[in-house]
Amino acid sequence: MAYDAVILAGGAAERLGGVDKPGLTVWGRSLLESVAAAVRGADRVIVVGPERLRPRAVYVLEEPRGGGPVPALRAGLAQVRAPWVVVLAGDMPLLRPSHVEALLERAQAPGAGAVLVDGDGREQWLAGAWRTEALRQALGDYDGRSLRGVMGPLGAVRVALPGRPWFDCDTVDDLEEAHMNVLAEWTALACKELGIDPARVDRDLILDLTKEVAHGVARPAAPLTAYLLGLAQGAGTAPEDAVDKLTTLARNWAKATAETLTDE
């Protein structure tokens, strides 16, 4: 189904010290880029916020600047051409295309659209799919400040999906949690591709080892060490305490190389 996407990427990010929140990265990709990737099927992606090199989108600003989500939604919706619109916050790194597709599918039920609910069953108004005309009419004469006031009366279908797609990043702890969630997702997918039981992978142990190697030896040595450990375990030659041995080696690397260099 044809749809456009409106991503609200403004706001002061007060709980993050006023930084450029949509520009913060999780595993090499900005929060805004992650959200834009989730709506890769959109005819147009409209970002309400300062213009950036990435992602490629139509950039607009709300009036007045910093006026909140309702003026931002109004500015974004003015650029929408498709009969359906997906409205999202610009700080949801766990959102995936499959989540957006599920929202659009559920939005076709009688009513004006569909909205994600979080783990406690609360509507996340910045994660929904709507009939464009219905949302425009709701915004028409609305003079309040809350998205709930605009969208709540529209009778949207409430959608609960696995994977916490509604998770947003408002604090430093949220960013760290997003990093770990993405890492867990990658681990599961990599194990599937390699035919490995994820239960056999002690992720935290490996991460601690590679951290020690990167700090004590060199950053490129960390992934190499993990690869060598995997080879040894696959060949059945790794001792039971292989990780401990490698960790100790990394911690003592500076001393060991100094002794080697001065050895006659």
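All of these numbers come straight from a predicted model, not from anything done at the bench.
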If two hydrophobic side chains count as joined below 4.5 Å and joins carry through other members, does Val86 share a cluster with Val115?
->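 As far as the 4.5 Å side-chain criterion goes, Val115 and Val86 are not connected within one cluster.
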
Please answer whether the main-chain N or O of [Y] pairs with a side-chain N or O of [X] as donor and acceptor at a distance below 3.5 Å.
| X | Y | result |
| --- | --- | --- |
| Ser34 | Pro93 | no |
| Asp120 | Arg122 | no |
| Arg219 | Val213 | no |
| Tyr3 | Ala42 | yes |
| Glu33 | Ser30 | yes |
| His99 | Leu116 | no |
| Arg56 | Leu53 | no |

As an exercise, state the distance from [atom1] of [X] to [atom2] of [Y], rounded to the nearest 0.5 Å.
| X | Y | atom1 | atom2 | answer |
| --- | --- | --- | --- | --- |
| Met92 | Ile7 | CE | CD1 | 8.5 Å |
| Leu224 | Thr210 | CG | OG1 | 12.0 Å |
| Gln108 | Leu104 | CD | CG | 7.5 Å |
| Ile46 | Asp4 | CD1 | CG | 5.0 Å |

Under 4.5 Å between any side-chain heavy atoms of Leu147 and Val87, yes or no?
-> no

Flag side-chain contact, heavy atom, 4.5 Å: Arg81 against Asp43 =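 No, side chains not in contact.
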
Can we say Arg74 and Glu62 salt-bridge, meaning some charged N sits less than 4.0 Å from an Asp/Glu carboxylate O?
-> no

Passing candidate, side-chain contact (heavy atoms from CB on, under 4.5 Å) with Pro165, options Leu103, Leu88, Leu95 =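 Of the listed options, the one satisfying the test is Leu95.
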
